[in-house]
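In what follows, a single structure is set out as structure tokens and then discussed.
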Amino acid sequence: MSSQTVNSSEDIFDSSLNLEDIHYKEGYSVGYTDGLNSGKDEGKQVGLKKGFEVGEELGFYKGCIDVWNAAILVDPTCFSSRVQKSIKQMDELLNKYPFSDPENESATDIIDSLRLKFRAICATLNFKLEYDGYPKPSGINNSGF
């Protein structure tokens, strides 16, 4: 009887001694799950913001290309053949952009090339035009999105 009493008292103290370890593991599990969920939410928000910014910049370049092509249709001599070639190359780069596969590594190379072509065209035409992003209202400092 006494050995059974000693074993049952050891079991009682065993659970008390392992209490810290049990709570640590439980807390880790809950924290990991919460962190995973909040990380997914934060990643989604960052992805939406970055995707919007890239789409906005690409739209700006597309608008410039369309205006320049319209000017060429009205007056084919308004730009030199070198500028017209650069506009055509910029349009081809824009058409090569992988809209359906944003994780494609060529996306950053293409957008960098578009920026360089745009700067080159503006410098050749002696324009002071650059993409600064969508204008922010003056009353809003940082909306967090």
Side-chain angles (χ1 to χ4, degrees), residues 6-145:
V6 171
N7 282 342
S8 66
S9 65
E10 282 180 16
D11 290 341
I12 292 172
F13 292 121
D14 235 8
S15 65
S16 298
L17 293 174
N18 292 331
L19 192 60
E20 181 181 353
D21 191 43
I22 292 168
H23 284 294
Y24 175 81
K25 288 179 181 176
E26 185 179 316
Y28 177 84
S29 176
V30 169
Y32 183 83
T33 303
D34 288 349
L36 192 62
N37 290 334
S38 67
K40 284 181 181 178
D41 291 342
E42 186 178 338
K44 182 178 179 182
Q45 291 300 317
V46 170
L48 283 171
K49 181 180 179 189
K50 193 64 180 166
F52 179 80
E53 290 171 356
V54 169
E56 184 179 53
E57 184 176 2
L58 293 173
F60 173 78
Y61 295 140
K62 179 64 176 160
C64 290
I65 291 168
D66 288 347
V67 168
W68 292 331
N69 281 331
I72 292 169
L73 285 176
V74 171
D75 181 12
T77 62
C78 66
F79 299 128
S80 69
S81 61
R82 185 172 143 214
V83 171
Q84 289 184 22
K85 181 181 173 188
S86 293
I87 292 170
K88 184 175 180 345
Q89 289 172 341
M90 194 172 166
D91 194 25
E92 290 169 356
L93 280 171
L94 195 60
N95 289 331
K96 277 199 287 186
Y97 189 83
F99 289 102
S100 59
D101 186 14
E103 293 181 10
N104 190 331
E105 292 179 13
S106 68
T108 55
D109 294 338
I110 291 172
I111 202 157
D112 288 341
S113 298
L114 277 167
R115 289 175 183 143
L116 287 172
K117 275 289 180 208
F118 180 75
R119 284 190 208 120
I121 292 169
C122 289
T124 304
L125 296 175
N126 203 19
F127 285 163
K128 185 74 172 162
L129 182 64
E130 61 184 63
Y131 176 74
D132 288 331
Y134 189 75
K136 315 274 185 289
S138 59
I140 298 175
N141 294 335
N142 189 357
S143 65
F145 181 79

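Because the structure is a prediction, the values reported are computed rather than measured.
In this structure a side-chain-to-backbone donor-acceptor pair under 3.5 Å is present from Asn95 to Asp91. With hydrogens and angles ignored, the 3.5 Å screen pairs a side-chain donor or acceptor of Ser113 with a backbone N or O of Asp109.
Every residue meeting the side-chain hydrogen bond (donor to acceptor under 3.5 Å, both in side chains) condition with Gln89, not counting sequence neighbours, appears here in chain and number order: Lys117. Scanning for salt bridge (charged side-chain N to carboxylate O under 4.0 Å, His left out) contacts around Asp112 gives Arg115, with sequence neighbours left out. Scanning for salt bridge (charged side-chain N to carboxylate O under 4.0 Å, His left out) contacts around Glu105 gives an empty result, with sequence neighbours left out. Annotation: side-chain hydrogen bond (donor to acceptor under 3.5 Å, both in side chains) contacts of Ser106 (sequence neighbours excluded): Asn104. In this structure, Lys96 has no salt bridge (charged side-chain N to carboxylate O under 4.0 Å, His left out) partners at least two apart in sequence or on a different chain. Under the rule for a side-chain hydrogen bond (donor to acceptor under 3.5 Å, both in side chains), Arg119 has no partner lying at least two apart in sequence or in another chain. Phe99 is linked by a ring pair (Phe, Tyr, Trp, His ring centres under 6.0 Å) to Tyr97, counting only residues two or more places apart in sequence or in another chain.
Rounding to the nearest 0.5 angstrom, the gap separating the CG atom in Leu93 from the OG atom in Ser86 is 10.5 Å. To the nearest 0.5 Å, atoms CD (Gln84) and SG (Cys78) are separated by 6.5 Å. Rounded to the nearest 0.5 Å, atoms NZ (Lys128) and SG (Cys122) are 10.5 Å apart. Rounding to the nearest 0.5 Å gives a distance of 10.5 Å between CZ of Arg82 and CD1 of Ile121. With rounding to the nearest 0.5 Å, the separation of CD in Glu92 from CG in Leu114 is 11.5 Å. Rounding to the nearest 0.5 Å places CG of Leu36 at 10.0 Å from CG of Asp41.
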Report, one line per pair, each donor and acceptor closer than 3.5 Å where one atom sits in a side chain of residues 58-75; sequence neighbours left out.
unit_1: Tyr61; atom_1: OH; unit_2: Glu57; atom_2: OE2; d: 2.8
unit_1: Lys62; atom_1: NZ; unit_2: Asp66; atom_2: OD1; d: 3.4
unit_1: Asn69; atom_1: ND2; unit_2: Ile65; atom_2: O; d: 3.4
unit_1: Asp75; atom_1: OD1; unit_2: Thr77; atom_2: N; d: 3.3
unit_1: Asp75; atom_1: OD1; unit_2: Thr77; atom_2: OG1; d: 2.8

